[in-house]
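Below is one structure, written out as structure tokens; the observations come after it.
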Amino acid sequence: VLEKAGLITKRRSGKEKVIQIQPKTLKVVAAYLGEYEKIWSARFDALEKLLEDR
Amino acid sequence: MAHLTVTVPENSRNIFGTVTINAPLEKVFEAYTKEELFANWWCRGNPMKVYHFDCQDGGSWHIAEQSEDGNEYEFTGCFHEVALDKRIVQTFEFLGMPERGHVMLEKAEFVAIDEHTTEIRTHSTAMSQSDRDGMIASGMESGWRQSVEALGKLLEQSPITNKNQNHRPRS
């Protein structure tokens with residue numbers, strides 16, 4: 001699915017299979033799906049809660 | 001709920017974030033700079049081990065987050081500038097990478113919107129675009145492979161539309 005969506009490419013390098021994330025396509029979905037954004041949203045929610053409680 | 005917007009420009013090593021917190025500026029800044037407060041929120045409820053936290057110009061920090069699956073994720077960095085109630089500039093490195101040397105430079109600016117509201121503007125820049133994209137894709141929870149798996153599942157469930165590409169819909 002990821003390959004079809006252009007998010008990754010696969011190629012062989014000797015015995016190893018190399019899977020590469022395609023940055024350009026990834027950018028499109030990054031804001032939707034990034035763990036990064038999820039983590040930071042949760043982090044700032046925790047920060048706000050901490051300050052509410054104090 | 002804190003409202004966060006993350007912007008990830010194309011062909012760039014940058015990540016920009018803006019978040020509005022319902023709390024006074026001084027309190028928000030304190031929560032970034034005091035060890036016991038920082039340890040409370042940064043791991044989002046997960047246990048944090050603080051090896052070192054010296055939040056001042058030239059100081060450094062080294063922490064480990066314990067995730068729900070029992071894994072530990074270590075992070076380290078140096079405080080370049082800690083300007084009271086204004087700005088923190090620091091480095092950030094995830095120690096779970098296969099090799100060292102992938103370091104982010106991060107700036108957080110604190111702006112009082114009113115007495116009870118603070119805006120934090122963050123600017124992170126990676127050493128390469130692939131570092132930046134890896135950061136965005138994987139965060140730290142699971143490495144990019146699991147993220148990509150999750151992403152695949154999500155794509156199977158709901159085809160992504162191309163509307164409003166830069167912002168995740170919010171509830």
Side-chain angles (χ1 to χ4, degrees), chain A, chain B residues 1-12 15 17 19-24 27-28 30-32 37 40-45 118 120 122 129-130 132-142 144-156 159-160 162 164-169:
Chain A
V1 176
L2 292 169
E3 207 170 13
K4 272 189 202 156
L7 289 171
I8 58 168
T9 54
K10 289 180 188 166
R11 65 185 169 83
R12 283 198 172 277
S13 168
K15 279 184 182 171
E16 283 181 337
K17 200 188 231 179
V18 180
I19 300 178
Q20 229 168 8
I21 299 181
Q22 291 302 298
K24 269 193 184 169
T25 325
L26 189 63
K27 179 208 66 82
V28 175
V29 292
Y32 275 99
L33 306 168
E35 281 288 321
Y36 183 87
E37 195 179 28
K38 264 197 279 175
I39 287 169
W40 275 98
S41 286
R43 206 166 265 162
F44 286 127
D45 286 341
L47 169 63
E48 206 170 57
K49 188 163 182 305
L50 168 75
L51 296 177
E52 267 169 26
D53 293 347
R54 291 178 78 230
Chain B
M1 291 274 274
H3 185 98
L4 169 69
T5 306
V6 177
T7 310
V8 187
E10 195 171 359
N11 300 320
S12 155
I15 305 170
V19 65
T20 309
I21 305 282
N22 284 321
K27 298 273 178 201
V28 174
E30 208 183 10
Y32 263 78
L37 297 179
N40 181 296
W41 66 271
W42 201 82
C43 289
R44 313 164 318 284
T118 306
I120 308 168
T122 65
Q129 188 163 354
S130 59
R132 197 273 317 246
D133 292 337
M135 187 79 185
I136 286 293
S138 68
M140 50 137 262
E141 294 287 296
S142 45
W144 71 265
R145 193 177 298 278
Q146 278 138 316
S147 296
V148 164
E149 279 166 15
L151 182 60
K153 268 188 202 152
L154 201 131
L155 290 174
E156 278 165 16
I160 288 168
N162 286 326
N164 195 17
Q165 289 176 351
N166 292 320
H167 299 284
R168 192 174 59 177

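Computed from heavy atoms alone, side chains included, the values below leave out hydrogens, waters and symmetry copies. Just so it is clear: chains get the letters A, B, ... in the order the sequence lines come, proteins before strands, and each one is counted from 1.
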### Query
Okay, side chain of B:T122, backbone of B:G17: is any donor-acceptor separation there less than 3.5 Å?
yes
### Query
Contact part of A:L47 toward chain B, heavy-atom cut-off under 4.5 Å: side chain, backbone, both or neither?
both
### Message
Is the shortest side-chain heavy-atom distance between B:R132 and B:S12 below 4.5 Å?
### Response
yes
### Message
Using heavy-atom distances under 4.5 Å, tell me whether B:I15 contacts chain A through its side chain, its backbone, both, or neither.
### Response
side chain
### Summary
Residues passing the salt bridge (Lys or Arg N to Asp or Glu O under 4.0 Å) test with A:E48, sequence neighbours excluded, are none
### Task
For A:F44, check ring-ring contact (aromatic ring centres under 6.0 Å, His included) against everything at least two apart and list the hits.
A:W40
### Query
Side chain, backbone, both or neither: which part of B:T20 has an atom under 4.5 Å from a heavy atom of chain A?
backbone
